[in-house]
**Student:** 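My questions will all concern the structure given below.
Only this structure's heavy atoms are used, side chains among them; waters, hydrogens and symmetry mates stay out. All residue numbers refer to positions in the sequence shown, counting from 1.
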Amino acid sequence: RSCAHNGFPVITTTDSGERAIMGVVLRQHLLVLLHTRRSFQPSPSPSEGSSRLAISYGLSDFTKAMSTPGMRLDDIQLNPEHMELYLDLGPFANPSYYVVQEDASLSKVYTLFRKLGLRHVCVIP
């Protein structure tokens, strides 16, 4: 609730136990998934039906009218049972994300944002 970021990295664990970035998911997409509750699953492992479930969402589910403020986290009511479930974010993550090293210069990152029109960039060690 205290984080104002608009994009979040989706992390997975490889077979060798290393963590890797799968993509980036937007705050608005997370809010839609939490609000509809269609993508909840009991296991943290990706399920076979998660891709089919992702297709069940339409473009209108993730868009809003320009004149409306959009969904907020306070608009979502989850009960304790929901808090025990998981979301497979793989089908909803944008796999075309940009990555910069943590020691990249600010001018380089600024240039990426301006010239490529980026909204998000993942910073890794």
**Student:** Checking Gln77 now: which residues fulfil side-chain contact (heavy atoms from CB on, under 4.5 Å) with it, not counting sequence neighbours?
**Tutor:**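 side-chain contact (heavy atoms from CB on, under 4.5 Å) check on Gln77 returns Arg37.
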**Student:** Where do Arg119 and Asn6 come nearest, in terms of heavy atoms and distance?
**Tutor:**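 In terms of heavy atoms, the two residues are closest at NH2-ND2, 2.7 Å.
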**Student:** Measure the CZ-NE2 distance between Phe113 and His120 for me, rounded to the nearest 0.5 Å.
**Tutor:**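 These two atoms lie 8.0 Å from each other.
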**Student:** Taking all heavy atoms of Val123 and all of Glu102, pick out the closest pair and write down the distance.
**Tutor:**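 Minimum heavy-atom contact is CG1-CA, 3.6 Å.
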**Student:** For Met22 and Leu89: C-alpha separation, side-chain torsions, deciding distance, then whether side chain to side chain contact (heavy atoms under 4.5 Å, CB included) applies.
**Tutor:** CA-CA 9 Å; Met22 285 180 61; Leu89 297 176; over 6 Å; no
**Student:** Report yes or no: do Leu26 and Leu30 belong to one cluster of Ile/Leu/Val/Met/Phe/Trp/Tyr joined by side chain heavy-atom distances under 4.5 Å?
**Tutor:**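 Not linked; separate clusters.
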**Student:** Got more than 12 heavy atoms from elsewhere within 6.0 Å of NE2, His35?
**Tutor:**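 Open.
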**Student:** So Leu31 and Gln28, side chain to side chain contact (heavy atoms under 4.5 Å, CB included) or not? Walk me through it.
**Tutor:** CA-CA 5 Å; Leu31 292 175; Gln28 193 63 29; 4.1 Å; yes
**Student:** Which heavy atom of Val99 sits nearest a heavy atom of Tyr97, and at what distance?
**Tutor:**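 Closest pair (atom of Val99, atom of Tyr97, distance): CG2-CE1, 3.2 Å.
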**Student:** Is there a path of hydrophobic side-chain contacts, each under 4.5 Å between heavy atoms of I, L, V, M, F, W or Y residues, that connects Phe92 with Leu78?
**Tutor:**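 As far as the 4.5 Å side-chain criterion goes, Leu78 and Phe92 are connected within one cluster.
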**Student:** Does Met83 belong to the same Ile/Leu/Val/Met/Phe/Trp/Tyr cluster as Ile76, with side-chain heavy atoms less than 4.5 Å apart forming each link?
**Tutor:**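 Same hydrophobic cluster.
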**Student:** For the hydrophobic clusters of this structure (ILVMFWY residues joined by side-chain heavy atoms under 4.5 Å, transitively), does one cluster hold both Leu116 and Ile124?
**Tutor:**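 Leu116 and Ile124: separate clusters.
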**Student:** Write down the atom of Leu87, the atom of Phe40, and the distance for their closest heavy-atom approach.
**Tutor:**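 What the structure gives for the nearest pair is CD2-CD2, 3.5 Å.
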**Student:** Rounded at 0.5 Å granularity, tell me how far NE2 in His82 sits from CG in Leu34.
**Tutor:**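 Output value for this atom pair is 10.0 Å.
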**Student:** Identify the heavy atoms of Ala20 and Thr14 that sit nearest to each other, and give their distance.
**Tutor:**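 That would be CB-CG2, 4.1 Å.
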**Student:** Between Leu85 and Val25, is there shared hydrophobic-cluster membership here, with clusters defined by ILVMFWY side-chain heavy atoms closer than 4.5 Å?
**Tutor:**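 Yes; tracing contacts between hydrophobic side chains, which count when under 4.5 Å, links both residues.
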**Student:** When you compare the side chain of Ile21 with that of Ile11, does any pair of heavy atoms fall below 4.5 Å?
**Tutor:**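 Yes; the side chains approach each other to less than 4.5 Å.
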